[in-house]
Amino acid sequence: MKRMFILGFVSLCVAAHAGTNQFTMPLRGVALPAQDFKLVNHIPRERLARLPKKLPVYRYTDQVREFSVAGLQMLLNQSTFAGTNIADLLPKGTNRAVTADSIRLVSQDRLDYFIVSPGEGRIMVKSGERGREMTSPDAVPSFDTIQAQLFRQAGGFGITTNEMERQADGSLFLRNRTGENFSFGGAVKSVVSREVEICRAISDFPFNSINDDRIALNLGVNGQLRSFNLTWPVIEPVATNRLISISKLLKQIKRGQVLSDLMNEYPKGGISEIELKDITIEYYLPGQPLPLAAAVKSDIYPIASILAVFKSKSGETEEAGLYAPIMDSK
């Protein structure tokens, strides 16, 4: 099974924490279907040398994320509600540079909306579809154009590229999607939209947030704004914890303190050997999606995400992903 070593961009649900023995990830990780296996560590030394010794533990706060009024006006001007003055939507006396006030505009047919929720660190804008026309791909802005606009809007709301997820080579991990329309039984295809999305990172590590922390921009024909979504609540460090050594991590895996990714496949002959190929650290927030008021009570802390190969006695192999606790319980 060929799988990329990018296990983020999914919702994780973890009940384990430092000081507990049980490590669970409902809907994402399952127990290994093997107990007696040989464990081989082939993680490159340079990769292990780059692992930090300590990392902060974070939490969402109940602090309101103040949004730039200028940034909101720029976004409003691109929406179905263009022509509306953002100042008219805010209470009198509001600071005209930033606002902590909620805004809610919805069209009569409820296909368009412009919603700002500073208490949740969220902005949601949607222009409803009312029929599509055949277009040429050139009528929709390129991904490069949309990326540049996305970064400008993110910067306008105080979000820098340092807070965005990156790939192993250090480049930003941008997710590009194309919206297409088919007609004449699928014989004719036209591009009607392109979307660029980027997820949040914490301490330069991927953040598997159950609250879907991300920023996404979708543009249609002639650059029309189809949707803009921002979820970026305020977080803060609450503690600093040591990470366990690789030798202790290997012992934990042998004792069963590891989970197999739910999407893994297994050799038909069973697992007689597990070869560890690579490791990265991810931050996650345990639990089910919650209102921010409830999520502020949960720690956001690091976990080991490991690329492995399952091998059977007969030589069958399957590439797989493993998850293991990495914070020192002491």
[X] versus [Y], closest heavy-atom pair with distance:
X	Y	answer
Ala31	Leu259	N-CD2, 4.0 Å
Ala308	Ile274	CB-CG2, 4.1 Å
Asn218	Ser193	OD1-CB, 3.3 Å
Ala324	Ile303	O-CG1, 3.1 Å

Does Arg194 make a cation-pi contact with Phe143 (under 6.0 Å, within 45 degrees of the axis)?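 Satisfied, under 6.0 Å and within 45°.
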Does the structure place the NZ or CZ of Arg175 under 6.0 Å from the centre of the six-membered ring of Phe173, at an angle of no more than 45° from the ring's axis?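 Geometry flag: set, cation within 6.0 Å and 45°.
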How about [X]: does its [atom1] atom have over 12 heavy atoms from other parts shown lying under 6.0 Å from it?
X	atom1	answer
Gln35	CD	no
Asn176	CG	yes
Asp36	CG	no
Arg50	CZ	yes
Lys254	NZ	yes

Between the side chains of Thr80 and Ser127, does any donor sit under 3.5 Å from an acceptor? yes
Do we see a donor-acceptor contact under 3.5 Å between the side chains of Ser107 and Asp109?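 Note: Ser107 and Asp109 side chains meet the donor-acceptor criterion.
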Would you check if the side chain of [X] reaches a backbone N or O of [Y] as a donor-acceptor pair within less than 3.5 Å?
X	Y	value
Asn41	Ile43	yes
Thr317	Pro267	no
Asp328	Asn241	no
Gln252	Pro325	yes
Gln73	Thr84	yes
Arg65	Trp232	yes
Lys313	Glu273	no

Atom SG in Cys199, atom CG in Asp212: separation rounded to 0.5 Å?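 That separation rounds to 6.5 Å.
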How many angstroms lie between atom CZ of Arg200 and atom CE of Met164, to the nearest 0.5 angstrom?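 Here the interatomic distance stands at 11.0 Å.
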Relative to each other, are the rings of Phe205 and Tyr283 parallel, tilted or perpendicular (30° and 60° limits)?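 It falls in the tilted class, 30° to 60°.
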Parallel under 30°, tilted from 30 to 60°, perpendicular over 60°: which one fits the rings of Phe228 and Phe157?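 Judged by the thresholds at 30° and 60°, the geometry between Phe228 and Phe157 is tilted.
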Candidate pair Arg122 and Thr231, rule side-chain hydrogen bond (donor to acceptor under 3.5 Å, both in side chains), full reasoning: CA-CA 4 Å; Arg122 189 186 301 270; Thr231 302; 3.1 Å; yes
Assess whether side-chain hydrogen bond (donor to acceptor under 3.5 Å, both in side chains) is satisfied between Asp169 and Ser171, documenting all intermediate values. CA-CA 6 Å; Asp169 63 2; Ser171 62; 2.7 Å; yes
Pairs touching residues 246-279 that satisfy ring pair (Phe, Tyr, Trp, His ring centres under 6.0 Å), sequence neighbours left out: Tyr266-Phe310
Other hydrophobic cluster members with Met74, side-chain heavy atoms of Ile/Leu/Val/Met/Phe/Trp/Tyr under 4.5 Å, chained? none
Inspect the contact between Asp112 and Lys126 and indicate whether a charged nitrogen and a carboxylate oxygen are less than 4.0 angstrom apart. no
Salt bridge Glu316-Lys268, side-chain N to carboxylate O under 4.0 Å: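 Here Glu316 does not pair with Lys268 in a salt bridge, since their nearest N and O are not under 4.0 Å apart.
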Looking only at the aromatic ring of each residue, does the gap between the centers of Phe207 and Tyr284 stay below 6.0 angstrom? no
Are [X] and [Y] grouped together when hydrophobic residues (ILVMFWY) are joined by side-chain heavy atoms under 4.5 angstrom apart?
X	Y	answer
Tyr113	Leu72	no
Tyr323	Val30	yes
Val106	Ile86	no

Tyr60 and Asp213: side chain to side chain contact (heavy atoms under 4.5 Å, CB included), yes or no, with the steps? CA-CA 11 Å; Tyr60 285 118; Asp213 289 26; 2.8 Å; yes
